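Only one structure is covered here, and it is reproduced in the block below.
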There are 2 protein chains.
Amino acid sequence: MAESSTRTVERALVLLGAVCDAGSLSLTDAARRADLSASTALRLLRTLEGTGFVRRDTEGGYRPGLRVVQLGAQALGHESLVSLAGPALDRLVELTGESAYLSVRSHDGAAVYLAMREGTHSVRHASWVGRSIPLEGTAVGAVLEGELPAEGFVAVRNGLQADVTAIAAPVTVGHGGSTRVVAVISVIAPSYRVTPELVATIGRRVGAEASTVLGGGSGTSADPATTGRTDKEYTGTGGTAAKEDIA
Amino acid sequence: MAESSTRTVERALVLLGAVCDAGSLSLTDAARRADLSASTALRLLRTLEGTGFVRRDTEGGYRPGLRVVQLGAQALGHESLVSLAGPALDRLVELTGESAYLSVRSHDGAAVYLAMREGTHSVRHASWVGRSIPLEGTAVGAVLEGELPAEGFVAVRNGLQADVTAIAAPVTVGHGGSTRVVAVISVIAPSYRVTPELVATIGRRVGAEASTVLGGGSGTSADPATTGRTDKEYTGTGGTAAKEDIA
DNA sequence: AAATCAAGTTTCAATAAGTGAAATACATGG
DNA sequence: CCATGTATTTCACTTATTGAAACTTGATTT
């Protein structure tokens, strides 16, 4: 990591990250967050501005530019995993009514949501694509770290976020004996709604769906598309999604 | 624009853009596209890799990294326009069954789709968020350039893409006399499905919806039922388009 | 197997390019 | 009007970037 790299570029990217994290940042704030002198920050931000990676709002603050949006969207489009996992997420939402996520390990030792489908219950877990979550104390993290109980899924009740239960299973790419976890599919529900038995049911389903994402056939199990699909719950209204939930 | 800017950073960003455009790029290709020597390109790509902006696939090619996805998604989330326009897009799709888009001017003199809703017809226009489209010869471009017929919308039949008709209206922010176009709402439909009268009807609706996005009330209420634009050439329908669509 | 070619990677001296402290300009408000 | 905080410019210092060339690797041809 600390090998060969160009300091200037690194700094500019940190700056870009800071601006994107904050949504809007003054020069001084940006410089502080990136630990740069004001003049250096200004020069770099100007470069970012000239290339469309940041833009200035009316108050002079720096905001993420369109280029960021554009490249991000393009990158998502090229992510074959996202399209491959789409149907599985859809089915999980249809089956459970809860929100379903696809996440992968990020470069900095965290996980990122790559795709999501909102649940249909009016009270549901809400997050967003691009959000990063820690590995410690989360079901997603456990699965990414290779922890995998015999059941084929990991459930964490009231872990990172109080009141919600996360149920996660690995998307593996496995040639022969050496399988590797490349992504995680998870369903996240308000804890009050899921009994241990329901968690187990959902967990099995999540595991089954996760195994279909890549290579479909070989793998752990029953064809999820044909297994009993009992409950279709359309609580349907889908008012407004809950706002921010922290951490 | 060409004032003060750091060459290294600019080069790195060009490289990043090239990688994202291509989806996957070998070192040599990336260097060629960015017009850099191989060694420089390698060093910069390594920096981008170390920060998560690119990653290497199994074949050694460079691909957009998760950081790009993450920042892009964050930026989109912070774009208040996107959330403000969401309901309008939804209503347009519900009303017309056609795909609806929100676009803004990009930094390089083009337009970018910031949000979209797919139509419900089985044959529908399909594009993606982040896609950039030229200003010339497009309804979106015309509106962004300030062209606005009395009807309140611009329609272009078979312009950029054969067989489709685009109907666009401006989202303006206007205090007093000086209004400014900040974004465009458009509906894009297969040409065979929209008669001139239907275009006019949809156009009026697009104009009305566009005016609700910001500031709500005061709008360019469009009444007359005359079409805004006339046809371009219409080359034989026999074959297919399949130009550069990825899908 | 040897020769050939192309892509990737490393090295290194030359210097172009980036740095930040300090000076200056521009606000804001007490 | 002065105090304060932020944005921007300047400039001497020198560090970090550069690209040609050398080398490695691996595939393809002779």
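Everything numeric here is computed off the predicted structure, so don't read it as measured data.
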**Request:** Compute whether any side-chain donor of one residue and acceptor of the other, for Glu118(B) and His125(B), lie under 3.5 angstrom apart.
**Result:** no

**Prompt:** Expressed in angstrom and rounded to an integer, what is the separation of Leu44(A) atom CG from dG18(C) atom P?
**Reply:** 9 Å

Write down the protein N/O and nucleotide N/O pairs, taken from nucleotides 14-16 of chain C, whose separation is under 3.5 Å; answer none if there are no such pairs.
none

**Asked** How long is the gap from CD1 on Ile167(B) to CD1 on Ile185(B), to the nearest 0.5 Å?
**Response** 13.0 Å

**Prompt:** Which residues pass the side-chain hydrogen bond (donor to acceptor under 3.5 Å, both in side chains) test with Arg33(A), sequence neighbours left out?
**Reply:** none

Protein and nucleotides 24-30 of chain C: nitrogen or oxygen contacts under 3.5 angstrom:
none

**Prompt:** Within the structure, does a side-chain N or O atom of Arg43(A) lie under 4.0 Å from either OP1 or OP2 of dG18(C)?
**Reply:** no

**Prompt:** Who passes side-chain hydrogen bond (donor to acceptor under 3.5 Å, both in side chains) against Glu136(A), sequence neighbours left out?
**Reply:** none

**Phosphate OP1/OP2 of dT18(D) contacted by Thr8(B) side-chain N/O (<4.0 Å)** = yes

**Item:** With sequence neighbours excluded, residues passing side-chain contact (heavy atoms from CB on, under 4.5 Å) with Asp29(B)
**Value:** Leu25(B), Ser26(B), Arg32(B)

**Asked** With Tyr62(A), which residues qualify under ring-ring contact (aromatic ring centres under 6.0 Å, His included), at least two apart?
**Response** none

**Message:** Could you work out, with side-chain contact (heavy atoms from CB on, under 4.5 Å) as the rule, every residue matching Val104(A), not counting sequence neighbours?
**Reply:** Leu81(A), Leu114(A), Ala183(A), Leu66(B)

**Prompt:** Taking only N and O in the side chain of Thr40(B), is any of them less than 4.0 Å away from OP1 or OP2 of dG19(D)?
**Reply:** yes

**Item:** Candidate pair Glu145(A) and Arg105(A), rule salt bridge (charged side-chain N to carboxylate O under 4.0 Å, His left out), full reasoning
**Value:** CA-CA 9 Å; Glu145(A) 298 286 35; Arg105(A) 182 189 293 267; 3.3 Å; yes

With the criterion being N/O to N/O and under 3.5 Å, what pairs connect the protein with nucleotides 8-13 of chain C, and how long is each?
residue: dG8(C); atom: OP1; partner: Leu27(B); partner atom: N; Å: 3.4
residue: dG8(C); atom: OP2; partner: Thr28(B); partner atom: N; Å: 2.8
residue: dG8(C); atom: OP2; partner: Thr28(B); partner atom: OG1; Å: 2.1
residue: dT10(C); atom: OP2; partner: Arg46(B); partner atom: NH1; Å: 3.0
residue: dT10(C); atom: OP2; partner: Arg46(B); partner atom: NH2; Å: 2.6

**Complete:** Separation between CG (Leu27(A)) and CZ (Arg46(A)), nearest 0.5 Å, reads 9.0 Å

**Asked** Can you check the Leu25(A) CG to dA7(D) C1' distance for me, whole Å?
**Response** 14 Å

**Fill in**
Asp35(A) meets the side-chain hydrogen bond (donor to acceptor under 3.5 Å, both in side chains) criterion, sequence neighbours left out, with none

**Prompt:** Heavy atoms under 4.0 Å, any strand shown: does Arg11(A) hit a base, just sugar-phosphate, or nothing?
**Reply:** sugar-phosphate

**Prompt:** Considering residues at least two apart in sequence or located in another chain, which fulfil the side-chain hydrogen bond (donor to acceptor under 3.5 Å, both in side chains) criterion with Thr40(B)?
**Reply:** Ser37(B)

**Asked** Quantified as the angle between the terminal helix axes (five pairs each), what is the overall bend of the helix from dA1(C)-dT30(D) to dG30(C)-dC1(D) to 10 degrees?
**Response** 30°

**Complete:** Applying side-chain contact (heavy atoms from CB on, under 4.5 Å) to Ala169(A) and not counting sequence neighbours gives Phe153(A), Val206(A), Ala210(A)

**Request:** Grab the two heavy atoms, one from Tyr101(B) and one from Met116(B), that are nearest each other, plus how far apart they are.
**Result:** CD2-CB, 3.5 Å

**Request:** Could you state the atom-to-atom distance from CD of Glu10(A) to P of dT15(D) in whole Å?
**Result:** 18 Å

**Prompt:** Whole Å only: how far is the CG atom of Leu48(A) from the P atom of dG18(C)?
**Reply:** 13 Å

